[in-house]
Amino acid sequence: HPELSRTIHDHVEHHPAAVALPREAMAAAVAEGLGTAPFDGPPDARFVPFMERDLPGLVEEHWIAWDPLLGAWQVQVLRPAGPGPFPSVLYLHGHGDRPQDVFDHRFGRLLAEGGFAVVVPRLRAYQDGDGESRASWALLEAGTTLMAAEVAEVHEVRSWMQARPDLRPEALYLFGHSGGGVIARL
């Protein structure tokens with residue numbers, strides 16, 4: 001669309017992004033754009049559990065993922081009870097969804113009941129159209145994109161899954177619904 005193209009051109013011309021931003025500046029842009037609260041856990045922590053609940057035949061886990069550049073975000077896991085190791089699905093939800101929606105209204109619970117550990121990161125800025133727009137502009141001004149931040153988060157979660165002893169690293173599958181499907185392709 002010509003008007004959108006002109007708007008982006010004018011915006012970039014008047015707010016040139018630094019080619020190589022310091023990590024602190026990039027982290028500040030991500031925090032501003034995605035509304036990330038500071039993480040006050042141990043400095044070497046990457047994934048910190050904050051809740052675990054036993055369900056009939058399943059275990060539900062809630063984690064905070066943290067990266068010095070990306071900030072903090074939530075990850076929810078639903079897995080079979082027992083020690084594993086289990087095959088796993090990294091499930092990326094769509095716009096307007098939350099991780100719990102994957103388990104309540106999508107395939108998440110069925111996959112877990114079928115023997116898979118289902119890991120769902122909360123894709124930030126997917127719940128609010130205005131928030132997504134603000135995040136996109138803040139990150140663009142900092143020389144990156146919302147999509148790049150989301151892809152980086154997914155790669156962090158995938159690496160964490162591959163290192164978990166209760167998950168089989170050779171049996172990790174990726175699934176995306178709607179906007180999550182776009183990220184899954186990247």
Side-chain angles (χ1 to χ4, degrees), residues 27 30-31 34-128 131-132 135 146 149-186:
V30 170
L34 297 177
T36 301
F39 178 72
D40 59 1
D44 61 341
R46 299 298 276 215
F47 286 81
V48 179
F50 72 88
M51 188 188 93
E52 185 172 299
R53 169 171 80 134
D54 291 328
L55 302 171
L58 301 171
V59 176
E60 180 180 345
E61 304 170 3
H62 294 258
W63 296 77
I64 294 292
W66 183 81
D67 178 88
L69 182 60
L70 298 169
W73 67 98
Q74 296 177 14
V75 179
Q76 193 167 334
V77 178
L78 189 62
R79 63 173 174 80
F86 306 107
S88 59
V89 174
L90 176 50
Y91 192 119
L92 307 177
H93 65 77
H95 284 85
D97 287 341
R98 301 165 301 123
Q100 192 61 47
D101 295 332
V102 170
F103 303 121
D104 292 344
H105 309 293
R106 307 251 185 258
F107 303 105
R109 182 170 298 278
L110 291 173
L111 287 166
E113 289 170 347
F116 287 84
V118 182
V119 178
V120 185
R122 183 177 181 122
L123 299 174
R124 296 179 289 170
Y126 264 33
Q127 287 71 37
D128 176 10
E132 185 172 358
L146 178 58
E150 292 167 340
V151 169
E153 290 171 358
V154 169
H155 281 279
E156 288 286 328
V157 173
R158 185 202 63 201
S159 295
W160 171 70
M161 291 172 66
Q162 290 173 323
R164 283 183 59 144
D166 62 339
L167 303 183
R168 293 177 31 211
E170 80 285 356
L172 188 157
Y173 303 94
L174 182 61
F175 181 88
H177 168 72
S178 190
V182 173
I183 295 171
R185 293 191 55 139
L186 300 174

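Any value given below was found using the heavy atoms of this structure, including those in side chains, with hydrogens, waters and symmetry copies removed. Computed from a predicted structure; not experimentally measured.
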| task | In sequence, state the C-alpha distance, the side-chain angles, and the governing distance for V154 and L92, and then conclude on side chain to side chain contact (heavy atoms under 4.5 Å, CB included). | result | CA-CA 8 Å; V154 169; L92 307 177; 3.7 Å; yes

Under 4.5 Å between any side-chain heavy atoms of [X] and [Y], yes or no?
X	Y	answer
E153	P121	no
Q74	I64	yes
V118	V77	no
R46	E156	yes

| field | For E113, all residues meeting side-chain contact (heavy atoms from CB on, under 4.5 Å), sequence neighbours excluded | value | L58, R109, L110

| Shortest non-hydrogen contact from A65 to V75? |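 Nearest pair, atom of A65 first, then V75: CB-CG2, 4.0 Å.
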
| field | Closest heavy-atom pair and its distance - P165, P85 | value |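 For P165 versus P85, the nearest heavy atoms are O-CB, 3.8 Å.
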
| request: Assess whether side chain to side chain contact (heavy atoms under 4.5 Å, CB included) is satisfied between L111 and R79, documenting all intermediate values. | output: CA-CA 9 Å; L111 287 166; R79 63 173 174 80; over 6 Å; no

| Residues E60 and Q76: side-chain donor-acceptor under 3.5 angstrom | yes

| message | To the closest 0.5 Å, what do you measure between CG (L167) and CZ (F86)? | response |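 Going from the CG atom of L167 to the CZ atom of F86 covers 8.5 Å.
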
| Which distance, rounded to the nearest 0.5 Å, do you find between the CD of E61 and the CZ of F47? | 12.0 Å

Sequence neighbours left out, cut at 3.5 Å: what donor-acceptor pairs do the side chains of residues 168-175 make with other protein atoms?
unit_1: R168; atom_1: NE; unit_2: E170; atom_2: OE2; d: 2.9
unit_1: R168; atom_1: NH2; unit_2: E170; atom_2: OE2; d: 3.4

| remark: ring-ring contact (aromatic ring centres under 6.0 Å, His included) filter on W63, not counting sequence neighbours, yields W160

